[in-house]
Asks: 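Below: one structure in structure tokens.
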There are 2 protein chains.
Amino acid sequence: MSTEALIEQLLSDAADVSGDSAVATLHALLDDSTIEDDAAPIGIAEAADLVGLTPHTLRYYEQQGLTRPGRDASGYRAYSAADLRRLVFLARMRLSGMPMRELRRYIGLVEQGDATTGERRAIMIEQRERIRRRVRELNLALAATEYKIRTYGGHP
Amino acid sequence: MSTEALIEQLLSDAADVSGDSAVATLHALLDDSTIEDDAAPIGIAEAADLVGLTPHTLRYYEQQGLTRPGRDASGYRAYSAADLRRLVFLARMRLSGMPMRELRRYIGLVEQGDATTGERRAIMIEQRERIRRRVRELNLALAATEYKIRTYGGHP
DNA sequence: CTAAGCCTTCGAGCGCGCTCGAAGGCAAGA
DNA sequence: TCTTGCCTTCGAGCGCGCTCGAAGGCTTAG
């Protein structure tokens, strides 16, 4: 099951993202073991498919310094398990509204090694704040939208 | 759910009383019932201030056919209570991720009169789905982000 | 041997939603 | 009267995140 499919499944468990099955699915998504370490590297089309992006976008991310996949004998990109895990992470962070700029900064720290985990954590905490704020905005807009719907439903 | 309920919801989000949420609070409080119908029209700067947009943006919205404020003796835009209510609505819908395109379509229907309320309602229902979906995405990303934070916190 | 279909690089273009600057009009205070 | 400051229109520019097309190379099927 591809990441995209997993996300689809999660989103369609509409009732509760906090429910047990959703959490289990999420762990599957987050857990490294979902992508086997010893799997053979795959081509760009397959990788793109797996994470729900296009080959164009994957090349773009690489050009932006977010990934550095290996190459096969023909010079084609070869995405390893680690590369795929990073792509999954990038896709999820983009989806949550994290700007490319921040992602570049974060990946830069990752490539500098363990000494930067503190700073990385800080970035993720900022990111959490961004998401929470956005959720609050959306709940407000949702209330307004439901008000409109109800208004059209009967009594103006 | 009118102003009262929105306020209640705001209170439940009361954790952060930062500037950003002040804007959200303003938007909520400016629900239709809080703008008095007989208030004198106001200038573009004041209107922009009131709804948390810039005069540039207000002119842009007008150029896009979303508003049609009156003019004073000097040819300056004069936003009436009705104009302001519409601006508040537009701002809230934009904030919730409704595309300009949809908003143009919706306002077009509004200007066609009462015969279009059914179609308008349908648009708002689509919009509700968009928001709900986005909230679900964000909750998912939030869980992933918190997982990262926890991981850096100590036990990998 | 050829053609299909994937891959490569590079640079340009696009859709969105603003955002800004230029050039000038009008109003009110020192 | 002059200056300050907000207003007008118009069109261009920008930041983001892709998205696409051109021109060509490798590989496999027929």
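We name chains A, B, ... by the order of the sequence lines, and we start the count at 1 in each one.
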Asks: Salt bridge between B:R136 and B:E129, side-chain N to carboxylate O under 4.0 Å?
Replies: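 Counted as a salt bridge, because a side-chain N and a carboxylate O are separated by less than 4.0 Å.
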
Asks: In terms of side-chain heavy atoms, does A:S96 have a donor or acceptor partner in B:E137 at a distance below 3.5 Å?
Replies: no

Asks: Here's a test of your reading of the structure: between A:R104 and A:H56, which maps to the more 5' nucleotide of DNA chain D?
Replies: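 Comparing both residues, the 5'-ward one is A:R104.
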
Asks: Can a side-chain donor-acceptor contact be found between B:R71 and B:Y76 if the only test is distance below 3.5 angstrom?
Replies: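 No pair is found: no donor N or O on one side chain lies under 3.5 Å from an acceptor on the other.
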
Asks: Pick the closest DNA chain C nucleotide for A:G75 and for B:M100 by heavy atoms, then say which residue is nearer the 5' end.
Replies: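 Counting from the 5' end, the first nearest nucleotide belongs to A:G75.
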
Asks: Going 5' to 3' along DNA chain D, which are the first and last nucleotides with any atom under 4.0 Å from a heavy atom of chain A?
Replies: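 Footprint of chain A along DNA chain D, 5' to 3': D:dC16 to D:dT27.
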
Asks: So A:Y60 and A:M100, do their side chains get closer than 4.5 Å, heavy atoms only?
Replies: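 They are in side-chain contact.
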
Asks: For B:R94 and for B:A73, find the nucleotide of DNA chain C with the closest heavy atom, then tell me which residue's nucleotide is more 5'.
Replies: B:R94

Asks: Please determine whether a side-chain nitrogen of the Lys or Arg among A:R86 and A:E111 lies less than 4.0 Å from a carboxylate oxygen of the Asp or Glu.
Replies: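 Salt bridge present between A:R86 and A:E111.
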
Asks: Let me know the distance between OH of A:Y76 and P of C:dG5, rounded to the nearest Å.
Replies: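 Rounded to the whole Å, the gap is 14 Å.
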
Asks: Taking atom P of C:dC6 as reference, at what distance in whole Å does atom CD1 of A:I42 sit?
Replies: 15 Å

Asks: NA contact type, A:P99, heavy-atom cut-off 4.0 Å: base, sugar-phosphate, or nothing?
Replies: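 Counting heavy atoms under 4.0 Å across all strands, the contact made by A:P99 is with sugar-phosphate only.
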
Asks: Among side-chain atoms of A:T117 and A:D114, is any donor-acceptor pair under 3.5 angstrom?
Replies: no

Asks: Which is true for B:R59 with a 4.0 Å heavy-atom rule: it touches a base, it touches only sugar-phosphate, or it touches nothing?
Replies: base

